[in-house]
Structures are given as structure tokens and as C-alpha cells.
Amino acid sequence: MQLNQEQLTAVRHVNGPLLIFAGAGSGKTRVITNRIVHLIQKEGISAGKIVALTFTNKSAKEMQTRVKKMITKPLLRGIEISTFHSLGLKILKKHPEEIGLKFPFVLQTPYDQESIINDLLKSKKIDPQSYPSKAILSHFSRIKNTGEEYIAKLSVSPIEIDLISLQLFENYCHVLKELNSVDFDDLILLPTNLLTNNKQVRQYYQTKFKYIMVDEFQDTNQSQYTFLKLLMGNNPNLCVVGDDDQSIYGFRGSNMNLILNFEKDFPGAKVVHLLNNYRSTSFIVNAASSVIKNNPGRREKRLYSNINHGDKVKYIERENEKEEAIYVVDTLQAEMIKGKKPGGKIAILFRTNYQSRSFEEELRIRSIPYKLVGGYNFFDRKEVRDIISYIKIIANPKDEVSLLRVLNYPKRGIGGTTISKLIQKSIECECSVMEILERLCEKPEFVDGIKKKTVSAIYEFLEIIHKYKKEFFKSHQMSSVLNSFIKEIGFEKEIVSEESDEKVIKARMNNLSEVVNMLSYFENELEQENKPNLFDFIIRLTLLMEDIDPKLEQEDKKVQLMTMHLSKGLEFDIVFLVGLEEGIIPNSRVLEEGSGVDEERRLFYVGMTRAKEKLILTGAKERKKYGETVLSNPSRFIEEISCQYLDTYKIENESSESSNIFLNELEKLKSA
DNA sequence: GTTGCGTTTATTTTT
DNA sequence: TAAACGCAAC
């Protein structure tokens with residue numbers, strides 16, 4: 001496929017700021033990758049001067065593979081195609097001392113963050129009921145993502161929880177530093193501070209990167225923007241690609257105004273509009289446009305499609321969520337059998353994760369393979385977090401959170417009373433719990449009131465940690481060391497005692513092997529370049545934990561289930577948008593905020609524009625909530641769809657027609 | 001220290 | 001509805 005006129009203009013633009021408004025399905029990634037190739041091949045710019053930033057590891061990887069297909073490897077030497085966070089990490093790794101870190105520092109997961117907060121709450125005797133750690137954490141995140149502005153706002157209208165957060169914030173930062181660790185937001189914030197305060201480092205990066213590109217620019221938050229500007233310095237070759245209509249991460253601090261005000265911020269910026277949608281039928285594009293045009297303050301764009309109009313968008317209403325699921329699965333099953341659609345080209349998209357359940361059940365009843373993307377991922381499983389905790393302790397004995405997690409898992413008789421004594425002692429002595437354990441083994445009377453039996457349990461625990469620490473550093477095959485560690489520490493016995501179902505035991509043990517596989521994959525990948533080590537593996541794991549399943553590409557037979565948020569950037573032949581009711585989308589909790597509806601409308605728009613051929617919208621008249629049946633009304637967004645592109649099937653006016661067509665079809669196929 | 005039972009509470013989206 | 005939590009008995 002050739003590039004169109006606008007795409008070519010964007011690709012060929014070399015110097016000076018460039019703003020690309022890229023509507024849904026308009027070939028945005030193609031433009032970026034082609035522009036990279038153009039800069040290198042036609043303009044002779046060295047790849048080492050180019051940096052392309054994305055928000056997810058997945059899209060970074062996608063961009064890398066696409067560029068690699070177009071250009072030979074030597075020409076790509078030194079190019080930086082990564083996420084904001086990975087680039088931040090790279091910078092931190094290069095200059096740890098400048099910001100008060102020692103080299104192998106630790107990246108805290110959200111789980112770790114939460115337990116740090118909980119510990120703080122406990123030590124300050126603050127009731128965790130009225131100040132949930134999650135809420136506090138999201139405030140911390142906002143502080144780090146927006147900088148002083150937030151604190152200034154606070155002093156004007158302080159809410160109670162904000163004050164508590166602010167008090168705890170300093171403590172929290174202190175704990176992170178104690179543990180020689182950083183959190184996710186620090187990966188942007190600390191490099192930004194470094195570049196601001198250190199002229200030498202700043203000049204280094206400003207000379208290194210001359211051509212900067214940012215994908216999904218509408219998702220950028222203030223701190224990322226500051227970071228970008230520091231990387232650029234006076235060099236104006238910044239190219240940003242985005243679509244204000246697809247800005248759906250406001251709750252995470254992303255600021256749509258950054259793209260809307262780009263021209264003001266960079267006077268003389270070249271602006272390109274990509275409006276030709278190559279993905280969806282014209283009915284789908286027009287239906288989506290008729291919804292999004294209701295948003296105030298957006299940049300007016302007329303997206304169009306030259307693809308045949310195809311079927312109208314359907315809206316189907318059912319009695320309850322069970323009936324809704326039956327309809328959806330009936331229909332998609334018919335498409336799979338009759339239309340020979342592979343499951344991977346069909347998606348069910350919902351607003352909130354818990355909505356997946358009714359669909360999963362219905363799919364499972366009929367043994368249709370499906371893939372639930374995101375939600376509860378691999379790293380949320382207990383055994384996986386346990387083994388990772390062990391790896392972390394071995395790498396970093398100061399990692400309190402991980403240590404306490406597994407000190408008595410598998411159970412070895414070190415209970416709550418002992419643990420609180422140990423923590424108490426570590427606070428008294430101002431040293432880590434691990435040190436207390438060490439000293440306790442040398443001198444059992446070091447901590448009073450601990451039984452002999454407990455001490456010997458701790459001794460055995462330490463022995464095994466020491467032994468494997470040595471092995472990991474000595475060995476050239478860490479994965480096999482990890483394997484014997486899993487055997488020796490007694491995971492299997494513990495899991496067997498917890499589960500009665502043979503299959504579940506196997507599955508959980510398999511998850512552990514999966515971590516071993518990851519380590520072995522990691523070792524093989526790195527072997528030629530650097531000697532692999534545990535620290536880098538942990539950082540890799542932590543980054544991976546925050547990403548959706550990287551194996552997604554291989555799941556081409558499975559029906560895809562995910563939230564509308566996660567669907568951004570993807571496309572499917574057939575899309576079901578489900579649970580379209582007031583209160584779900586727009587979400588009732590969001591409605592209380594001022595501009596909440598607009599973001600919900602954009603989310604709905606993102607969902608609609610994922611569909612290439614068929615778009616089916618469904619809703620239920622009542623559904624169970626907390627085990628109680630609640631009535632609901634159709635989402636206001638349904639009405640906003642221009643009726644020339646929409647067919648509505650409400651329960652009253654269709655009783656036999658549409659559902660029976662599919663059912664009959666199914667019966668025929670089954671008997672045949 | 002562990003187990004088991006009854007009570008409570010949660011569902012917005014995630015790099 | 002189902003998981004998570006807290007308390008009391010073993």
C-alpha cells in the first residue's frame with residue numbers, strides 16, 4: 001500500500017516542529033516508521049540521533065519490528081525506540097549517583113508501594129479504613145506527575161485525605177530512598193530533575209538526540225512533557241502524533257491540552273491532518289463521528305472512509321446480563337462457523353473488568369476459546385509473586401516488603417507475633433529486618449521471647465537464601481539455579497496442601513516454571529552482549545508486570561475480551577461493545593466530575609473505531625450488582641449515533657426475528 | 001501458630 | 001456474589 005498525500009507530507013518533513021493529527025485507523029504507525037526510515041535513508045541522518053517514544057512496551061516493540069523490516073540492521077545502530085519509562089530507566093542507570101542511588105537499584109511494583117503505605121499508616125496510627133492505601137497512592141502519583149502545581153492547588157482547597165497524603169508523601173519518599181529504590185513515576189520524574197539540575201548531563205542528551213518523535217501524544221502528562229522539553233533543548237525537531245478524540249487517560253494525569261496547544265507552544269509548527277480511515281466501513285466511521293462531534297472543545301476533524309458502507313451498526317437490548325451474553329456469544333459463534341471468522345478477529349469490549357464474567361461463562365459453556373487481556377494477569381497470581389519475592393530478596397536483602405511476604409511462606413513456623421517482634425527490633429536498631437535475622441541466629445537472645453524452634457526455622461531460611469545467592473552469582477545458567485531453588489524451598493508441598501484439585505496444583509506449579517522460562521529466555525537474549533544478572537532480570541520483570549500480555553500476537557484463534565481502554569490501538573473485524581448502560585458508560589463515578597462525560601464519550605469512540613467490518617452494541621435492562629438486581633437505562637451515547645447508520649433492536653419490537661435467525665443457523669450447522 | 005467460621009465490603013479506567 | 005478480613009477456638 002502506498003502512502004497518501006498527507007502521509008507523504010508528514011514523512012518528508014525533516015526540520016522544525018511537526019504536529020500530526022492522526023484520526024483512528026489513519027495509518028499513524030506507518031507514518032512514524034516510514035518517517036524514521038526516510039530520515040535515515042534519504043536524509044542521511046544517523047540513527048543514533050533519533051528517538052521515538054511510545055507509552056506501552058507493546059507499541060514500542062511493534063514499531064521496532066516494523067522499522068527492522070524496512071531497513072538493514074547496521075543502519076539502525078544506536079536508534080532509541082522505547083517507552084518514556086524505559087528511556088527514563090536507561091538514563092537513571094547511567095547516572096545513579098547523581099540522584100542519590102546506588103547502582104543496582106530496585107523498581108517498586110504497585111504491590112510493594114501499597115505495603116509501604118500500609119506500614120506507614122500503621123506506624124502513624126492512621127486508620128487505613130478511612131484512608132485507603134490505593135487512594136493515597138493515586139495522590140502520590142498525581143503529585144509526581146504534575147509537580148508543584150498540585151501542591152499549590154492543595155493550599156487553596158485542602159481536602160482531608162489530601163492533607164494526610166501530603167504528610168505521608170515525604171515519609172514515603174524517604175522509605176523509597178532507604179530501600180535504594182524508585183517507583184514507576186520516578187522513572188520520569190528523577191531523570192527530569194537530573195536534566196534540570198545537571199548541566200553536563202543535560203548537554204549530553206541534548207547533543208545525542210536531535211530528532212524526537214512521540215506517539216499517542218494526547219496521552220502525555222505534564223511531567224513527561226517537561227522531560228521531553230529538557231531532552232530537546234533548543235533543537236526544534238520534535239514530531240508528535242496523536243488524536244485528541246482518543247484521549248482516555250485523563251485519570252492518570254494525561255493532558256489533552258498539550259496536543260491542542262502544541263501550535264501555540266511551538267509557533268510555526270507544521271500541521272498535518274490524517275483523516276482517511278483505512279480500517280473501518282464508512283457506516284462505522286460515520287456512526288463514530290456522529291457521537292464524538294458532541295464533545296466540546298475538540299479539534300474539528302472530518303474523518304472519512306472509502307471502504308464500502310457494509311452493514312449498519314446494530315444496537316441490541318436484552319433482558320439482563322445473562323441474556324446479553326447469550327446473544328453476543330450466539331452471534332459470534334455463528335460468525336465463526338458460518339462466516340469462518342477466526343476467533344482472534346472478534347472482540348468483546350467492556351467498560352469495567354468485572355463485566356467480563358457473564359461473557360466468559362457463556363463462552364466456556366460452549367468451549368469457545370477466549371483470551372481475557374489484562375485484568376488479572378500472570379503477575380497477579382500468588383505463587384508468581386511469591387517466587388519473585390524470593391528472587392528479589394536474594395538480589396537485595398534490604399527488600400523488606402518481599403522478605404516479610406515470604407518469611408513464613410511456605411509455612412515454616414514463623415508467625416505473626418514473631419514477625420512483629422522482628423519489625424519492632426529493626427526499628428529500634430535502625431537496621432533492616434534481614435540484619436536482625438542474621439544477628440538473631442548468631443545470638444538467639446538478641447530478640448527476647450523468641451522460641452528455640454523459631455530461631456532454628458529462621459536459621460534454615462537464611463541458610464537457603466545464602467546458598468542460592470552464591471549459586472546465582474557463580475552460575476552461568478541462572479534459570480537452572482532457580483529451578484532447584486523452587487524444589488528446595490518447598491513450594492510444591494505447600495501448594496499441594498492448599499489445593500485439592502489436581503489440575504489446579506499442576507497449573508500453579510506450571511506458573512512457577514513459567515518464571516523459570518522467562519529467566520532462561522532473558523539469559524539467552526542477553527548472552528552475546530552482556531553477562532546477564534539478577535538485578536536486570538528483576539527490572540525487566542517489573543516493567544513487564546505493568547504491560548499487557550506480550551504473547552497476545554500468537555492468540556489468533558481466541559476471541560479477545562478486554563476493556564475499551566486496553567483496546568486502543570488494536571483492530572478487529574467484528575467488535576461487540578457491551579454493557580452500554582447509563583452508569584456503566586458513562587460511568588456513574590466519573591459523572592460527578594466536571595468534564596467526565598467527555599472522556600467517557602471518547603472512550604466509547606475508541607471502542608467503536610476498533611471495528612473493521614461489523615460493530616454490534618449491546619445492553620441489558622437489568623443486571624446484578626453486589627448480588628442485587630438493578631434496573632438500568634440505555635447509555636446516552638446510543639442516542640447520539642445518527643440513525644442513518646444504526647439499526648435498533650429493543651426487546652419489545654423484536655421477539656422472534658433476529659435472535660432466531662442465528663439460533664436456526666446454529667441448529668442447522670450442529671445437525672450437519 | 002494455625003484453622004475455621006461468620007461478617008463485611010467492593011466494581012473505573014492503567015503506564 | 002465472592003473475596004477478604006477479623007476473631008475465637010483448637
Side-chain angles (χ1 to χ4, degrees), chain A residues 53-60 82-89 107 109-110 113 118 128-129 132 134-135 137-138 141-142 144-145 183-189 215-216 219-221 223-224 227 247-254 321 349-358 361 373-377 379-380 382 407-409 411-421 450-451 453-454 457 494 497-498 542-548 562-569 579 583-593 596 599-600 602-604 606-607 623-630:
Chain A
L53 296 174
T54 65
F55 283 85
T56 66
N57 290 322
K58 196 168 158 248
S59 45
S82 64
T83 64
F84 271 97
H85 289 89
S86 322
L87 179 61
L89 179 66
L107 182 54
T109 65
Q113 288 176 293
N118 281 327
Q129 292 271 296
K134 283 211 176 98
L137 214 49
S138 80
S141 190
R142 214 172 305 168
K144 288 193 179 186
N145 282 329
D183 68 17
F184 235 72
D185 299 318
D186 286 335
L187 293 181
I188 308 296
L189 186 66
D215 192 13
E216 307 275 13
D219 290 337
T220 314
N221 67 34
S223 86
Q224 286 158 341
F227 177 59
S247 164
I248 55 173
Y249 285 109
F251 65 92
R252 202 170 60 196
S254 79
E321 79 272 14
L349 308 181
F350 32 79
R351 171 69 239 259
T352 62
N353 275 307
Y354 78 87
Q355 292 174 263
S356 69
R357 283 196 39 178
S358 53
E361 260 167 43
V373 182
Y376 296 100
N377 69 38
F379 295 101
D380 287 326
K382 185 179 179 310
L407 190 51
N408 195 33
Y409 188 91
K411 291 202 185 92
R412 48 176 77 82
I414 307 171
T417 341
T418 310
I419 289 180
S420 25
K421 275 182 199 154
I450 291 190
K451 289 193 213 109
K453 216 172 127 196
T454 316
E494 192 65 27
S497 77
E498 283 169 25
T542 315
L543 285 173
L544 224 51
M545 282 164 98
E546 300 312 312
D547 225 358
I548 49 175
M562 70 191 86
T563 62
M564 296 181 197
H565 279 93
L566 280 181
S567 75
K568 195 169 76 163
I584 296 181
I585 183 165
N587 192 275
S588 50
R589 290 170 91 133
V590 151
L591 284 179
E592 291 154 23
E593 294 155 40
E599 183 151 317
E600 295 289 291
R602 289 193 290 268
L603 184 56
F604 186 61
V606 166
R623 68 174 62 233
K624 286 226 163 89
K625 242 178 181 176
Y626 303 124
E628 253 184 302
T629 305
V630 189

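Here the structure is a predicted model, which is why all the values come from computation and not from measurement.
Contact check for A:Y249 versus A:E216: no side-chain heavy atoms found under the 4.5 Å cut-off. At least one side-chain heavy atom of A:L87 sits under 4.5 Å from a side-chain heavy atom of A:F227.
Look at OH on A:Y249: it is 16 Å from P on B:dT12, rounded to the nearest Å. One atom, CG of A:L187, and another, P of B:dT14, lie 19 Å apart when rounded to the nearest Å. Between the OH atom of A:Y354 and the P atom of B:dA10 there is a distance of 15 Å, rounded to whole Å. Put simply, NZ on A:K58 is 14 Å from P on B:dT14, counting in whole angstrom units. One interatomic measurement links the two molecules: CE of A:M564 to P of B:dT12, which rounds to 15 Å at whole-angstrom precision. Atom NZ in A:K625 sits roughly 8 Å away from atom C1' in B:dT11 (whole-Å rounding). Between A:M562 atom CE and B:dT13 atom C1' there is a gap of 15 Å when expressed in whole angstrom units. Atom-to-atom, CZ of A:F350 to P of B:dT11 comes out at 16 Å; the value is rounded to the nearest Å.
Every residue two or more places apart in sequence or in another chain that forms a side chain to side chain donor-acceptor pair (under 3.5 Å) with A:S86 is listed here: A:T83. Partners of A:K411 under the side chain to side chain contact (heavy atoms under 4.5 Å, CB included) rule, at least two apart in sequence or in another chain, are A:N408, A:E494. A:N587 is linked by a side chain to side chain contact (heavy atoms under 4.5 Å, CB included) to A:R351, A:T352, A:R589, A:V590, A:E600, counting only residues two or more places apart in sequence or in another chain. Looking at residues two or more places apart in sequence or on another chain, you find no side chain to side chain donor-acceptor pair (under 3.5 Å) involving A:S567. In this structure, the side chain to side chain donor-acceptor pair (under 3.5 Å) partners of A:D183, at least two apart in sequence or on a different chain, are A:Q113, A:K144, A:Y172. Under the side chain to side chain contact (heavy atoms under 4.5 Å, CB included) criterion, A:N221 pairs with A:N145, A:S223, A:Q224, not counting sequence neighbours. Under the rule for a side chain to side chain donor-acceptor pair (under 3.5 Å), A:T454 has no partner lying at least two apart in sequence or in another chain.
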Between the protein and nucleotides 2-5 of chain C, which nitrogen or oxygen pairs are less than 3.5 angstrom apart?
none

Which atom pairs link the protein and nucleotides 2-6 of chain B when you take only N or O atoms and keep those under 3.5 Å?
unit_1 : atom_1 : unit_2 : atom_2 : d
B:dT3  : OP2    : A:K411 : NZ     : 3.4

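Distances shown here put a side-chain N or O of A:N353 below 4.0 Å from the OP1 or OP2 atom of B:dT13. For the OP1/OP2 pair of B:dG1 and a distance below 4.0 Å, the side-chain nitrogens and oxygens of A:T418 include at least one atom meeting the criterion. Distances shown here put every side-chain N or O of A:S588 at or beyond 4.0 Å from the OP1 or OP2 atom of B:dT12.
No N or O donor and acceptor, one from the side chain of A:R589 and one from the base of B:dT11, sit under 3.5 Å apart.
Taking atom P on both C:dA4 and B:dT13, the two are 16 Å apart, rounded to the nearest angstrom.
Remark: the A:T54 side chain and the A:D215 side chain contain no N/O donor-acceptor pair separated by less than 3.5 Å.
Among B:dT13, B:dT12, B:dA10, the nucleotide with an atom closest to any side-chain atom of A:Y626 is B:dA10.
Nearest-nucleotide mapping onto DNA chain B: of A:N587 and A:T83, the residue sitting toward the 5' end is A:N587.
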